[in-house]
Amino acid sequence: MRVTFLGTGTSVGVPAVGCDCETCLSDDPRDKRLRTSVLIQHRDNTFLIDASTDFRQQALRAGINQLDSILFTHAHADHCFGLDDARPLMFRHGPLACFATEVTWMGLRRIYSYVFEPSPYPGLPRIVPHRIEGDFSLFGLNVQPLTVIHGRLPVTAFRIGDFAYVTDCNEIPEEACNRLLGLDMLVIDALRFKAHPTHMSLDQSLGYIGRLKPRRALLTHISHDIKHQDTSGHLPADVDIAYDGLTVDV
Ligand SMILES: [Zn+2]
Ligand SMILES: [Zn+2]
Ligand SMILES: [Zn+2]
């Protein structure tokens with residue numbers, strides 16, 4: 001299975017509009033972060049975890065010409081506003097299977113009410129909604145949805161084989177921790193150095209990495225507080241900051 005980071009930035013992206021901090025002005029391509037999402041390729045199938053606000057740009061950049069499914073972590077704008085931009089792929093290949101928990105569907109139905117209501121317009125997104133209620137199989141992969149806490153919102157993390165994707169949370173409950181042991185790769189939220197009410201600080205992420213002991217870990221959903229080059233070298237071995245365009249095989 002191949003994982004491509006389409007975006008690794010926090011909800012406003014990096015550079016942030018109107019900001020002239022050192023990271024936002026950096027020439028390092030690893031400091032240019034579109035909104036957080038990954039593309040997963042497994043044999044002949046391709047799917048996303050989240051359709052970010054920047055999906056159109058990400059899809060053109062990564063040369064995505066086929067998409068079989070989207071798994072949604074939650075319905076915050078930065079994770080689902082790209083669904084509409086997947087329409088050309090839907091027009092070409094048919095409706096797209098979308099997986100989300102009922103809490104996330106409630107948000108998606110509100111944001112995308114025009115998709116769910118009768119309409120005279122032919123150009124609307126075409127999706128097949130699937131409600132996540134437990135482990136399921138996707139293209140021969142075993143997908144384990146796990147609940148993590150994002151302020152007060154339950155967010156879905158995904159363990160797929162020995163890979164796990166845990167974004168947008170400030171707490172990983174015991175039950176999810178128990179199912180995140182023995183990983184080859186953990187991707188985990190690490191917003192910034194300072195504490196935040198709904199995201200992990202770098203120290204919190206490193207704390208979970210120390211506890212879960214994956215073979216490798218990559219940090220994502222990064223704000224402009226973290227400049228890649230200044231921080232990357234100070235992380236423990238086998239932990240690094242993900243960046244847009246990075247591809248890893250798991
Ligand atoms: Zn987010
Ligand atoms: Zn900045
Ligand atoms: Zn969020």
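Heavy atoms only: backbone and side chains are in, while hydrogens, waters and symmetry mates are out. Atoms within each ligand, like the ligands themselves, are counted from 1 in listed order.
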Close aromatic pair by centroid cut-off 6.0 Å: F99 and F136
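Close enough - the centres of the two rings lie under 6.0 Å apart.
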
Sub-3.5 Å donor-acceptor pair from the side chain of [X] to the main-chain atoms of [Y], do we have one?
{"X": "R192", "Y": "K194", "result": "yes"}
{"X": "H221", "Y": "D168", "result": "no"}
{"X": "S26", "Y": "E22", "result": "no"}

C24 atom SG and C21 atom SG as seen from the Zn ion (ligand 2), angle to 10 degrees:
110°

Which word best sums up how the rings of F116 and W105 line up, parallel for under 30°, tilted for 30 to 60°, or perpendicular for over 60°?
perpendicular

Given NE2 of H221 on one side and OD2 of D78 on the other, what angle do they make at the Zn ion (ligand 1), to 10°?
100°

For a distance under 2.8 Å, tell me if H76 has an N/O/S atom near the Zn ion (ligand 1).
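No, H76 does not qualify, because none of its backbone or side-chain N, O or S atoms lies under 2.8 Å.
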
The Zn ion (ligand 1) reached by H74 (N, O or S, under 2.8 Å):
no

Once rounded to 10 degrees, what value does the angle at the Zn ion (ligand 3) take between NE2 (H150) and OD2 (D168)?
90°

Which N, O or S atom of H224 lies nearest to the Zn ion (ligand 2), by name:
ND1

Enter the distance from D240:CG to L246:CG here, rounded to the nearest 0.5 Å.
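Here the rounded value is 8.5 Å.
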
Relative to the Zn ion (ligand 1), which of the N, O or S atoms in H79 is the closest?
NE2

